[in-house]
Q: 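Here it is, the structure, as structure tokens.
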Amino acid sequence: MLQILLVDDEQYVVDDLKVAFPWTEFGIGQVHKAYSGLQAKQLLQEYPIDILITDIAMPGMSGLELVGYTRESHPQTKCILLTGFSDFEYAVEALKHGVLEYLVKPLDQNKLRSALESTIQKIQEDLRMSASIDNAKLAFYEHLPMLKDKLLCELIQGKKFKAGELAEKMAIYQISIHEQDRIYLVLIRLEERFTNYGPDSQMLFEYAVINIAEEIFGDSFEVWHCRDPYEYLVLILKHKEDEEEPDHDNVMKQLNYKADQLHYNVNEYLKGGISVVVSYSGLFAQDVRTMYEDAVYALRQQVGNCQGYLLSVAGKPKETSVQPLTILYEPPSLIHLLETGQWTGYKERLNRIKQECGSLSGYNEEYFEEIRSLLLASFHYIAHKNQKLLSDLVGYERMQRSSFRSLEQLIRWGEDLADLLKDKLETDTRSAQQKVVHEIRHYVDHSYADASLQAAADHVSLHPSYVSRLFKQVTGSSISEYIHKVKMERALVQLKDSEAKVYEISEQLGYSNSQYFIKVFKDQFGMTPQEYREKAAIS
């Protein structure tokens, strides 16, 4: 409910107005009275007054002075002036003081109603606006870490900003680093133990590492961080010393000491290794991208240690010698091994790849990408050859895995994917084979008189030799044996349940010679068809 303050040095005006007007209809729950500007000032300090209605001409503090005080000290309070002087100059002065409404004595209640309605509407609009601003501020501060992360990612990737745009963003984001400030860059890579978990767990580990880093570096440096496209953590650091140019050697010594602390603490408390690169110093923002690229280059030359590395880059890293991974391309190719079903040979090749990489003078993450690309290409090929999508067989997330911190982790991924692919394809193959055999059986069951290996193969549009091997493999018997079995079963039924002659039954079963049918039947059951019929009739 709203609160209103009525002010007039003529007491009866205030008293009558409080009693006579239906304030509750307008959502006003409490009506305060004052008989002077000074009394009104005191009430304004004691209560959250929403609306002030005051006379202009009062001894001591005038209504305009009271409105002026209210606008300065209680800007949320809406003011309505009440006067016995219908003078335009008063109205002009009132507007200067931000008065919403101007009413003339004697007071017309209809005009008061109209004034209150418009004033309350303004209060409600202000409340909505205030809520909207508060929500916007809340949303901004909730998203501030993400905005700061995005801005730094744009900088390290070389985005160009218009004049003043970067400085304006950094001021809004409350980042206390300015153009031409001396900065340092620290690059962090989480090693194998952390990346063995799912993406959600890895994000939690990254959050923990950042917290440790901020605690260690934060006492001496301003810290601004982000997560780059390679899933590395990037820290931009600015020394907090007041002097414009602190001693560079001392700062680097301090920085390397803290980086060593970070490396140790993560291993100690999170039980996992990280690699840390401390870059040379540079100027913000012109050197950020170069510093970052050199740190990434240095880091990507170091892989395979689960405890991680601690590197300090004094300048642009020297290029290392590069050797081709010939083991990846020697015959039989990876695709050929999968195509011919040599799954064991495929895994043996993976083990040889691991051994050859381990014998190189130095291998880096680019080798990992080469190995991963070829393995993935071979998996795609064999999946597509089997008319399947690789993502349907092994799952999109497992297929897209790209963060490998050691060669063992990469080879393990390849072995796991190969095992999963083998199981899926073999299961699908067995299912497809069983479907073919089911169709052949259904054909023979309904077309036994004309059934043969060639006819069955034509029915399923496959080569007779393949159909013969497949049927034998799945059922344990040949197609001719199954056809014979079906014909004999049908012969028993017809001999028992029909009055057809033996030669007629022979023709119905597809035997052109009744004597041959009699011989086959006797070989199967130890009696002639007629003997079986007579025996069945007796029983």
Side-chain angles (χ1 to χ4, degrees), residues 336-345 381-389 392-393 421-539:
H336 178 76
L337 289 171
L338 292 182
E339 193 173 21
T340 54
Q342 298 183 57
W343 298 97
T344 301
Y381 175 82
I382 198 64
H384 296 169
K385 186 175 181 183
N386 283 271
Q387 299 181 342
K388 302 286 185 181
L389 291 176
D392 290 340
L393 292 173
L421 191 59
K422 175 177 177 288
D423 291 343
K424 291 283 188 180
L425 290 177
E426 287 182 348
T427 299
D428 289 349
T429 298
R430 285 194 296 271
S431 177
Q433 290 173 343
Q434 289 170 354
K435 183 178 179 181
V436 170
V437 169
H438 175 76
E439 290 183 14
I440 292 172
R441 280 174 164 168
H442 183 269
Y443 167 75
V444 172
D445 290 346
H446 291 81
S447 304
Y448 49 83
D450 300 318
S452 66
L453 172 61
Q454 183 64 57
D458 291 342
H459 180 72
V460 293
S461 302
L462 293 171
H463 194 279
S465 298
Y466 174 76
V467 169
S468 178
R469 289 195 305 271
L470 175 62
F471 197 91
K472 179 78 171 179
Q473 176 185 332
V474 173
T475 67
S477 63
S478 66
I479 288 185
S480 60
E481 289 172 338
Y482 184 73
I483 294 172
H484 174 73
K485 174 176 173 291
V486 171
K487 286 185 176 183
M488 291 299 99
E489 289 174 351
R490 297 298 185 275
L492 293 176
V493 172
Q494 294 195 48
L495 287 168
K496 182 178 179 181
D497 298 336
S498 75
E499 296 181 356
K501 304 294 184 182
V502 171
Y503 76 88
E504 293 174 335
I505 295 175
S506 172
E507 291 177 355
Q508 291 172 8
L509 294 175
Y511 294 104
S512 58
N513 188 319
S514 61
Q515 293 302 315
Y516 179 69
F517 165 63
I518 294 170
K519 178 182 180 303
V520 169
F521 189 93
K522 187 174 183 180
D523 290 343
Q524 178 73 31
F525 299 109
M527 63 184 77
T528 66
Q530 187 60 38
E531 290 171 342
Y532 173 80
R533 171 173 276 177
E534 292 172 356
K535 185 177 179 181
I538 296 173
S539 60

Q: So, are K535 and E531 salt-bridged, with charged N and O less than 4.0 Å apart?
A: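 No, this pair does not count.
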
Q: With a 4.5 Å limit on heavy-atom distance, are the side chains of Y466 and V436 in contact?
A: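 Not touching, per the 4.5 Å side-chain cut-off.
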
Q: For R533 and S498, indicate whether the former's side chain and the latter's backbone hold a donor-acceptor pair under 3.5 Å.
A: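 Here the side-chain-to-backbone pair exists.
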
Q: What residue among L492, V502, T528 forms side chain to side chain contact (heavy atoms under 4.5 Å, CB included) with F521?
A: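 Running side chain to side chain contact (heavy atoms under 4.5 Å, CB included) over L492, V502, T528 with F521 returns exactly one hit, L492.
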
Q: Between K424 and D428, is there a side-chain N and carboxylate O pair less than 4.0 Å apart?
A: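 Result for this pair is no, no salt bridge flagged.
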
Q: Between P529 and K501, is there a side-chain heavy-atom distance shorter than 4.5 Å?
A: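 K501 does not reach P529 side chain to side chain.
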
Q: Counting only heavy atoms not in F525, do more than 12 sit closer than 6.0 Å to its CZ atom?
A: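 Counting other residues, nucleotides and ligands, CZ of F525 exceeds 12 neighbours.
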
Q: Taking the side chain as every heavy atom from C-beta outward, state whether R441 and F471 have any pair of such atoms under 4.5 Å apart.
A: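 With C-beta onward as the side chain, the pair touches.
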
Q: In the structure I gave you, are the side-chain heavy atoms of V520 and Y511 within less than 4.5 Å of one another anywhere?
A: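 They are in contact (side-chain heavy atoms under 4.5 Å apart), so the answer is yes.
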
Q: Okay, side chain of H446, backbone of H442: is any donor-acceptor separation there less than 3.5 Å?
A: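 Answer holds: yes.
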
Q: Checking N386 side chain against K388 main chain: does a donor-acceptor pair fall under 3.5 Å?
A: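 A pair under 3.5 Å: no.
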
Q: Look at atom NE2 of H384 and say whether more than 12 heavy atoms of other residues, nucleotides or ligands are closer to it than 6.0 Å.
A: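 For H384, atom NE2 is crowded (more than 12 foreign heavy atoms under 6.0 Å).
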
Q: Using atom types as modelled and distance alone, determine if a side-chain donor or acceptor of T427 lies under 3.5 Å from a backbone N or O of D423.
A: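 A pair under 3.5 Å: yes.
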
Q: What is the distance from atom OH of Y482 to atom NZ of K472, rounded to the nearest 0.5 Å?
A: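 Nearest 0.5 Å value for the OH-NZ distance: 15.5 Å.
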
Q: Less than 4.5 Å apart, any side-chain heavy atom of D523 and any of K519?
A: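 Touching, per the 4.5 Å side-chain cut-off.
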
Q: Check the orientation of Y443 and H459. Use parallel for under 30°, tilted for 30 to 60°, and perpendicular for over 60°.
A: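 Because their plane-to-plane angle is under 30°, the rings of Y443 and H459 count as parallel.
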
Q: Could you check if a side-chain atom of E439 sits within less than 4.5 angstrom of a side-chain atom of K435, using non-hydrogen atoms only?
A: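 With C-beta onward as the side chain, the pair touches.
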
